[in-house]
Protein chains: 2
Amino acid sequence: MQLSQLRQEFVLHFGEMGSRWGINRTVGQIYALLFLADEPLCADQIVEALGFSRSNVSMGLKELQSWNLVRLRHRPDDRRDYFTTPADLWEIVRTLVAERKKREIDPTLSKLRELEMTRPAPGDEAAHARIAELRRLIETLTRFHAELEALETERLVALLNMGARLGKVAAGAGRLLPMRRKA
Amino acid sequence: MQLSQLRQEFVLHFGEMGSRWGINRTVGQIYALLFLADEPLCADQIVEALGFSRSNVSMGLKELQSWNLVRLRHRPDDRRDYFTTPADLWEIVRTLVAERKKREIDPTLSKLRELEMTRPAPGDEAAHARIAELRRLIETLTRFHAELEALETERLVALLNMGARLGKVAAGAGRLLPMRRKA
DNA sequence: CGCGCGTTTCAGAAATTCCTGAAACTCATT
DNA sequence: AATGAGTTTCAGGAATTTCTGAAACGCGCG
């Protein structure tokens, strides 16, 4: 299949960006292709469109599935897997954030907790304290993320659009509420 | 120099995570070392502590500077560069977010705008619309980021600690204010 | 069971990224 | 302008990651 100029450029761009995103070029391109596709695609259609080897596409799809970034569909009388991306873009963003947190933050948080449990050797007191401080900061962010995660999209979008006005809310809160210490 | 167990583990962990973060192992380790160091370190001290080649350390420091993640210090009567990480962790988070946005989001936003300018070929209408939708979503997030960026740390932390209560604020806003369409 | 259709695994080739040592460069000092 | 401490650049070797084709596997069906 020949991709249109539009699709072609979009796909190539996502391929390049893929590397900056911790996914590889192939996976980025597959995702981009699915994102624009008018209907679900099966592995062979992807091979056809992008010219990768069959196994590479298979791997790529597996990786996208492990990221929860694609959905599986089936057609009657056809046992091939067809793939789509969720129609709701906000859902995609949530998934992306959640998965990156899982891969990039959570392991570090465990490690920090583990290090914090040990008694610092002489000379390591300041370093130990710095680790604790970092751990607290990450937990604050994590808690905040969990709470946003729990909002329905409607409210989340309303919140985002409130933007700067939140600053005032926060200023009020800062004065009126006992702030959790240190943070 | 022999690193203490604590520092050693922290440094190695950041090295491993580095790869998931789009910086390489060396750079991750250098950053971790500086982060825990009780005082600024110069390149040779880093070589000594981590056992990398001098030029590798030089490259790594250059990359960290390009990310704005380290600060330069000098000692009287010593023209070597000494490096530290900012004492304020929130400043580090801000930098990190800003830089990642610059590298991972901004180029895509330009590309999407560019693609959106072109008239879609027949058959590409839906794809074109999806691109526009994605562009709008990224702009919403970008605008929000810019507004958080502008808050002083105090307010930002207060906001983060408000957490779930923001949901209520947003619900109110959703009803009372004309929401920007689509979002 | 044995066939057909589809997916997954895997070892090695290809490509990319990382790291090093040597050489080049900078700049204050004599 | 020569010295020397310090930094940067760079070509190529080392290590890692990505990609491929071939073979193995899974499973519904006659």
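Numbers restart at 1 for each chain; the letters A, B, ... are given by sequence-line order, proteins then strands.
Distance alone, capped at 3.5 Å, places no donor-acceptor pair between the B:Thr142 side chain and the B:Glu139 backbone. The closest donor-acceptor contact from the side chain of A:Arg20 to the backbone of B:Arg103 lies under 3.5 Å.
Across the protein-nucleic acid pair, A:Glu63 atom CD and D:dC19 atom P stand 10 Å apart, rounded to whole Å. Between the P atom of D:dT17 and the CZ atom of A:Arg20 lies a distance of 20 Å, rounded to the nearest Å. Whole-Å rounding puts the B:Asp81 CG to C:dC27 C1' distance at 13 Å. Rounding to whole angstrom units, CD1 of residue B:Ile23 and P of C:dT17 are separated by 16 Å. Between A:His74 atom NE2 and C:dC5 atom C1' the separation is 13 Å, expressed in whole Å. Computed from coordinates, the B:Arg80 CZ to D:dG4 P distance equals 17 Å when rounded to whole Å. Atom P of nucleotide D:dC10 and atom CE of B:Met59 are separated by 9 Å, given to the nearest angstrom. Atom pair B:Glu16:CD and D:dT17:P shows a separation of 11 Å (rounding to whole Å applied).
One finds a salt bridge joining A:Arg54 and A:Asp44 here, because a Lys/Arg side-chain nitrogen approaches an Asp/Glu carboxylate oxygen to under 4.0 Å. B:Arg100 and A:Glu104 are joined by a salt bridge, as a carboxylate oxygen and a charged side-chain nitrogen come within less than 4.0 angstrom of each other.
Among B:Ile30, B:Leu72, B:Leu64, the one residue that satisfies the side-chain contact (heavy atoms from CB on, under 4.5 Å) test with B:Phe83 is B:Leu72.
Side-chain N/O atoms of A:Lys62 include one lying less than 4.0 angstrom from OP1 or OP2 on C:dT9. Between B:Arg54 and the phosphate of D:dT7, there is a side-chain N or O to OP1/OP2 separation shorter than 4.0 Å. B:Asn24 has no side-chain polar atom (N or O) that falls below the 4.0 Å cut-off from OP1 or OP2 of C:dT17. The phosphate of D:dT9 (OP1 or OP2) has no side-chain N or O of B:Ser58 nearer than 4.0 angstrom. Here B:Thr26 reaches the OP1 or OP2 of C:dC19: one of its side-chain N or O atoms lies under 4.0 Å away.
Projected onto DNA chain C by closest heavy-atom contact, A:Arg25 and A:Phe83 fall at different nucleotides, the more 5' of which corresponds to A:Phe83.
B:Asp44 comes within 4.0 angstrom of nothing in the nucleic acid, heavy atoms only. Note on B:Asn56: a base of the nucleic acid sits closer than 4.0 angstrom, heavy atoms only.
The base of D:dG21 sits within donor-acceptor range of the side chain of A:Ser55, with an N or O pair under 3.5 Å.
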